[in-house]
Each structure stands twice: as C-alpha cells, then as structure tokens.
Amino acid sequence: MLLVPLMFAITLFAFFLLKALPGDPVLGLVGERADPETMESMRRELGTDKGFVGQYAGYLKLLLKGDLGRSYYTNRDVLADISRKFPNTMLLAFAAMLVTVPLGTGLGFLSAVSAGGRSRFLERLIDTLSISGLSIPVFWSAIIIMMLFSLKLKLLPPSGTGGIRFLVLPAAVLAIPAAATLARVTKTTVLEILRMPYVTTARSKGLSALRVQLVHVLRNAVIPIVTIIGLDFGSYLNGAVVTETIFGWDGIGKFTMEGIIKRDYPVIMGCIITGTLVFVVVNLITDVIYHYLDPRIRLNVKKG
Amino acid sequence: MSFDPAKTIGGILLVLALVVQPLSCTSSNRLEGYVYYRLNASPSTLDPALIADVSSAAIAAKLYNGLVRLDDGLGIAPDIARKWSISEDGLRYTFLLRRGVRFTNGREVKASDFKYSFERVLDPSTRSPNTWVFDKVEGAEEFLKGRAGEVRGFKAKGDYVFEITLKRPFSPFLSMLTMPPAYVVPREEVEKLGADFSSRPSGTGPFTLKEWLPDRELLLARRHDYFGGRSRVKGIAYRIIAEDLTAVTEFMLGNLDVIALPATAYARFKNDEKWSRYILSREGLNTYYLGMNSSRPPFDDPELRRAVSYAIDREKILNTFYEGRGRLAEGPVPHLLRRWKTGRPIEYDPERARRMIRKKGLEDLEVDMYVSADREVVDLAEIIQAYLARVGINVNIRQLEWSAYKDAVNKGEPDMFWLSWWADYPDPENFLFPLFHSRNLGPGGNRVRYVNREVDSLIEKGQYAVDEEERDYFYQKAEEIIIEDSPWVFFWHKTDYVITQPWIKGCRVYPVYSMDKGTDIMIDSSAVRR
C-alpha cells in the first residue's frame, strides 16, 4: 500500500512545518502571568522541550497505537473530538453537494445549450450569476443570507449544529461558489463537445435534440465535472472554516483553525492526518467512478 | 419554446419557500427556566487548577467555591470560610469553615480538602499555570521543586479550621484567594477521573454541570442543596458562538438572554430607544496601553517615551474612534482601585513632544510597532502611527497572528506593542507588581522590560505593608514614578457593556469575572411574551 509511506511523509512534513512556526503552545496555557520556571516545567510535562526528532518519534509511537493524543488546552482526547465533529462536517459537505451538483451542472448545461440559440439572454444571465457566485466572498454571502433568512424572514435559525433546520443556510452558502465553478466548467466542456464530429453525426442521424444532448453530450462531459465535484467535496470534508464559524457549525474546519491559532500540536496533527485520509479516500472513489463512466480508464490493480 | 426568466426565478423561489417553510423555527428549542448566555470560545477546562482563560473562569465561579469571595464593593466576603483572622505580623491566616458544605457527590467539605486542593495547584504534575497564587506560602517553594512531600504553610486543624502561613506578609493574599485556583475540589473525584476532571467537574457551587457539548453548548443546572442563596433560575445555558454578528442576530431573535455588547453593535443598540435602556455598563478593571521596550534604544530613554505620550491625543481617540466606551487612564492602576489622586497625568501636547524629539536630534526615528491581527487594533495602530508621524517618529506597523505576536512580545522583539491587562483580583498590586517589577520581565507581565530598583522596592514595601494606608502610600509613590518614566502610554480603562432581554431581571455587570455566581439573575415570566 502506498498509503503508509504517504502518511509517514505527510506527518513528518506537517510536524516540521509546525515546529518552524513562530509561537509556543505553552504561552497559551500559562495565561498572562507566568514565571519562566512554570513554563519550563510545563514544557517538560508536554514534551515540547525535547528536540524535533525526539518529539516526532514520541508522536509516531503514539500514532502507531492508534492514539492521537490529548489536546494541550482542553485535555480531551483528540480522536474522540474528531470523531464527534467529523460527521457534522460530512453532513454539511453532503448537503452542500446535494445543492451544488444539480444546480451547477444544470445551469452550466443550460447556458451551453442556449449559447447556440437565438436569444442569448439565458446564457448571459447564467454567466452573470456564476461569475457573481464565484466572486462573492463567503463571509459576505453568509452574513447576507443570515440577515435575510434568519433575522428578517425568521425562517431558519442563525446558528447551531443539528438537524436540517440548522443545515440549510450553511449548506447554501457553501454551495454558491461551488455551483458557480461547476456551472462554468460544465459550460466549457459541453461547448467543446458540441463541436465534436460525433455530435454532428448524431444529429445528422436524425436523433432528437434531447437525446443527443443527454446521451452523447452530457455523458462525455461528465469526467471533468466529476473531477471538480471530487475536489470540492474533498475540501469541504476538511471543513469550511468561515462558514462553520459564522453559523456556529461544530465541524472540523473550525477545530483545525482554533488548533492552529493556539498551537495545539496534537489537534493540528490529528486534523492533518484525518484530512489526508479523507483526500485519499475521495480520490480513490473518484477514480473508481471514472472507470465506470469511461471504461477506457483502467484501474491499476495488481493481481496476485 | 417560450421562456420567461422572471417567472422561472419566481417559481424557483416559491418552491424553495415551500420547502423551507415547514422547517421554520418560530419556537426555538430552549430549555424552560434557563437563562441563555453567549461565550465566544469554548472554555478550555473546568478544572480550577488549570484555568487561565476568562470563559472557563466565569463558569468555574458557578461550580465551585473558595474560602472567600468578592462582594459587590470589591471587598472580601465569606464563602466557605465563615470567619477568618490574620495574625498581627500578617503571616498567619486562620479560616473557620462552615459546616454542611457539600460537594456534588454528597460528601462534606473538610479543612483537609483545602490542603489537598491548594497543594495540587503547586504540584508540578498538575501542570497548573497558577502556581504564583500560592508561591508566598511557607514551604511552597520546596514543594514546587519536589524537595518536600507537603506544603508546611497549609494546615488543617481538625475538620473545620484551616490555617495558612506565609513566608512574609503579603497584603493582596486574601484578594488572591478569591480566584479560581483557590477553589476547593474533591480529591476522590480528581483521582478517579484524572485528566477527565477537566470536563467532568464537581464542586460545591450553586450549579452543577448538566451537559457539555464542547464547542457548542454548556448547561448548568441549579443545585438545591447549595449552602449560599439558591439560584433563581433553573439553570444557565451557555451557547458557544464565535462570531459577534451571529451572536447579535441570535440575541435579536430572542434566543439569547444576555450578551456582552460587541463594539461593532454598540452604536446601533445605544441609539435604539427600544434597546438602550437594557444596556448595562460598568467601568472595567483593565488598562489598555501602548508598551515601549524600555530595555534597549531608542525607548530606553524615559524622555523619548514621555515625548511619545505627549504626542498622542488619547482623549480624542477614545471619544471618536472608540465611541467613548471607556475612561481615560492616568496611570496603570484603574480608578476603581485607586484610593489616591495622581499628581500629574500626561496631557496631549504635540508641540512639546516635537521639541523634545528635536532636542535629541531624533527626527526621522524609525521604530517597529507590533500588533495582533485584530481589525480594531490594526485601525488603532494606524491612528497612533499618524500622531507619531507628526512629531517625527516613523512607525512601521507589523501585524502578526496572535500566537506569533504573543511570542514576539514576550521575547521583547518589538519597539512598541499594543496590549491590555485585566484584573485577576481587585488590588492595585495586580496592576503594579506583575507589570513593572523587574522580577517579571517578559511572559511574567513586564513585557516592556522596565527596570527601576526604586519602583521594585516600593512595590515590595506595599506588598509587605500590613496597614492599608501605608500600603496605598507605597503604591501611590510607585505609580507616580512609573507615570514619570512612561514605559507605557496609558490609554484607557475599557467599560464593559452587557445587553439583556426585557424579561431578564437582576442582571449586573461584574468587574471581575469570578464575581458572578449566577444566583441573582432571574427571568420575569410575565415579560417573556410582550
């Protein structure tokens, strides 16, 4: 398996970067009033006084036991915290994708198809929408959406983690830029395919426009679309810091960010490892999907 | 195919509205009888020995008790100790404990519990950041260094008498005993739970921890067998909301009962007739300052530091940029704690500053000012930069992420930096010793690295003085020299603002986070539905 050396390299690299960062985890622990002796003894207790090799070896030993350690600040088990927060992140990512995929591909497809038509109004409208969706920063759209749907219309709660009521707004905020990107990619791909000789052939065979578009065009456009979806999904599974913070969604993104701010090494490392695993798994799934979509793409599985 | 975009979009919105409507939340899922607060960060620990942040301390105050606590006038009031006496030489403190004070597990608190709890703070394996609270106690140093099995200065005399002996008289000691590290904890629970005691606390306070969903919500339930006045609410709920704007939205929807008013929302509520009468405020026990590294050029020169103080119109900044949300500082000690008058506060006088700098031939001086990457602070830094440019000091602002900023400031890297100091206990000593004594350079609190032997000795004399008037005399002298030497530009003492819902009664703003036991606030049910 390639996964083991990959994980090793990632943890080593991440550990190295963490140590290269300025800042000291003990500073956050001791508060505003600490004498050097207390800080020294705390470093000894945490093991951050040892050199890089010593600390990394200690961490690997812990990791091999399947333990991610305890947070310096909260004394809570990092693995337990991650396993509590990860499902929330996953839920949010799925919800966002549920909106993104139909909206993005649908709009992109519509825009491409209407590009050749007489009225280019629809194309222009969709293009404008997708450019806006891409350019609006998430912190702004999040606030506007919250003001509108929570404060003015009182439809949905502004913050919290839980069922679908809490999920709608953050998922919508995440879906805006993702759907916009997807629409643009879909449009370009479809336009390209529409110029392909086999589409002309299909048309000249007398197939209905709908059939041409669904069977011949959309099917061939699907590979780049899946790639984009895979990338977005992978990154959402690693948490969406701004959205999670604004909507008080208890996910991995905010957890990682707070760990970084406080230099809570066990938390940061735990999140990086989880993130790596997530990306590997999502890429694997994407590859498998490629294979089913286009049998020419082979999965390189060794036998025996 | 005819296509009407307006109709289509309208249709989509209609469908969305229909989908969303049934999910609507007019009645929120609040626990009845609970008062809802907001915290901007999840408390890191509820183990009083380990607490170093305000969120945690505010909650711990409701779960635990110490020997003494602060009363509303910032004086010392009985808590678990019903009476105490201090020997004439100021060394021995004898506390008589109440009977019948019980931990949540039902066991009665004995004097030996205080001995255990206090020694635990000093024990290196506890990793407590608060060892300084007890380091004046007889035998504490030996115990800290592992040379003694116990602290001689903590003595349980029978079940209800606890005695503390100090190495030297130390006047702020009683005040320090009101802090979370001096709360009593049950040994059996601590030993049973180990590191998990942080998240499964048990104490003697008016509330017990009912549920804690880290980073989301924390629920405290009222205890019926509390020895003090029982709480008037069934419980307290804290919702963890990082973003100010989100908290304000939740408040306006009535999902939160009390919030600290964020600076960004201050003007809006203040100018709104409906809300302005529900804003509570209190002068804070804090001091905001611009620190100047006094250990190396150019700011090792007190005259230049004074020139910087003359160059900045702090009053104007306070009243415009800061919307008057504070009181101008005359020195490091907040007015609430100062029982004396400052001789000569530094006034805005740019002409004088310019002259002083020109006389030294320091025009076009370049200095580095470090600030944390907080928007309000960065804006303020630019204002200060503009004032200093007018007198010939060029300030390079360097913006650092919080952890890196703290590290740099503790190591003395910047020439200038922006910081504040908040009281742990209400004593002028808290604003003098950690901040200006040469023993606390760097992370100990004296981040400007100010060294003045005379100030050192005055502060120490104040600490040892048994008599209050004598103590104030030394503190006043020390403060006068510090103002004259100006290692800080003393900006302001920030006022704390809180806004409550109309149905909340008995809410107050407390200048020290540990003062609010949560027993005064109540919900006026007749006002809930207006």
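Residue numbers begin at 1 in each chain, while the letters A, B, ... track the order of the sequences. Because the structure is a prediction, the values reported are computed rather than measured.
Interface remark: B/N410 contributes side-chain atoms only to the contact with chain A (heavy atom separation under 4.5 Å). For A/Y72, the part lying under 4.5 angstrom from a heavy atom of chain B is the backbone only. Both the backbone and the side chain of A/L27 come within less than 4.5 Å of a heavy atom of chain B. B/D215 touches chain A through backbone and side chain together, each having a heavy atom under 4.5 Å away. Heavy atoms of B/T249 lying under 4.5 Å from chain A belong to its backbone as well as its side chain. B/W422 does not touch chain A: none of its heavy atoms, backbone or side chain, sits under 4.5 Å away. Using a 4.5 Å cut-off between heavy atoms, B/T246 touches chain A through backbone and side chain atoms alike. Heavy-atom distances place no part of B/R439 under 4.5 Å from chain A, backbone and side chain included.
Look at A/D24 and B/K411 and you find no salt bridge, because none of the NZ, NE, NH1 or NH2 atoms lies under 4.0 Å from a carboxylate O. At a threshold of 4.0 Å, the pair B/R147-B/E141 does not count as salt-bridged, since none of the basic side-chain nitrogens sits closer than that to a carboxylate oxygen. A salt bridge links B/R38 with B/D244: at least one charged nitrogen is closer than 4.0 Å to a carboxylate oxygen. By the 4.0 Å N-to-carboxylate-O rule, B/E401 lies close enough to A/R263 to be salt-bridged with it.
Using modelled atom types and a 3.5 Å distance limit, the side chains of B/R30 and B/N255 yield no donor-acceptor pair. B/N286 and B/S420 share no donor-acceptor pair across their side chains, judged by distance under 3.5 Å alone.
Considering all non-hydrogen atoms of both residues, B/K406 and A/G31 come closest at NZ-O, 4.5 Å. Of all heavy-atom pairs between B/P201 and B/L209, the closest is CD-CD2, 3.4 Å. Shortest non-hydrogen contact noted between B/V133 and B/P181 is CG2-CG, 4.1 Å. The two residues B/L256 and B/I241 have their closest heavy-atom pair at CD1-CD1, 4.1 Å. B/A49 approaches B/T126 most closely through the heavy-atom pair CB-CG2, 4.1 Å.
Residue-level contacts of residues 37-50 of chain A with chain B, in order of numbering, are A/E37, A/T38, A/M39, A/M42, A/E45, A/L46; threshold 4.5 Å between heavy atoms. For a heavy-atom cut-off of 4.5 Å, chain B lies close to A/R76, A/R84, A/K85, A/N88 in residues 76-97 of chain A. Residue-level contacts of residues 243-251 of chain A with chain B, in order of numbering, are A/T245, A/I246, A/D250; threshold 4.5 Å between heavy atoms.
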Original post:
Under the side chain to side chain donor-acceptor pair (under 3.5 Å) criterion, do B/D53 and B/S56 qualify, and how do the steps go?
Top reply: CA-CA 6 Å; B/D53 63 300; B/S56 306; 2.7 Å; yes
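Ring centroid separation for the pair B/Y238 and B/W212 does not come in under the 6.0 Å cut-off.
Atoms OG and CD, from A/S159 and B/E250 in turn, are 3.5 Å apart once rounded to the nearest 0.5 Å.
The residue among A/K254, A/R70, A/K262 with the most heavy atom pairs within less than 4.5 Å of chain B is A/R70. Highest contact tally toward chain A, considering only B/S128, B/A404, B/G444, is held by B/G444 [criterion: heavy-atom pairs under 4.5 Å]. Annotation: maximal heavy-atom pairing with chain A below 4.5 Å, among B/I240, B/D196, B/T45, occurs at B/D196. Comparing B/P214, B/A242, B/S199 by heavy-atom pairs within less than 4.5 Å of chain A, the highest count is held by B/P214. Among B/P124, B/A52, B/P434, the residue with the largest count of heavy-atom pairs under 4.5 Å with chain A is B/P434.
Evaluation of the side-chain contact (heavy atoms from CB on, under 4.5 Å) rule for A/M269 yields A/T11, A/A14, A/F15, A/L18, A/Y59 as partners, not counting sequence neighbours.
Using cut-offs of 30° and 60° on the angle between ring planes, the pair B/F417 and B/Y289 is perpendicular. Between B/W275 and B/F269, the two ring planes are perpendicular [angle over 60°; tilted spans 30° to 60°].
The backbone N or O of B/H437 lies less than 3.5 Å from a partner atom in the side chain of B/N446, making a donor-acceptor pair.
A/F52 does not carry A/K19 over the face of its six-membered ring by the limits of under 6.0 Å from the centre and within 45° of the normal.
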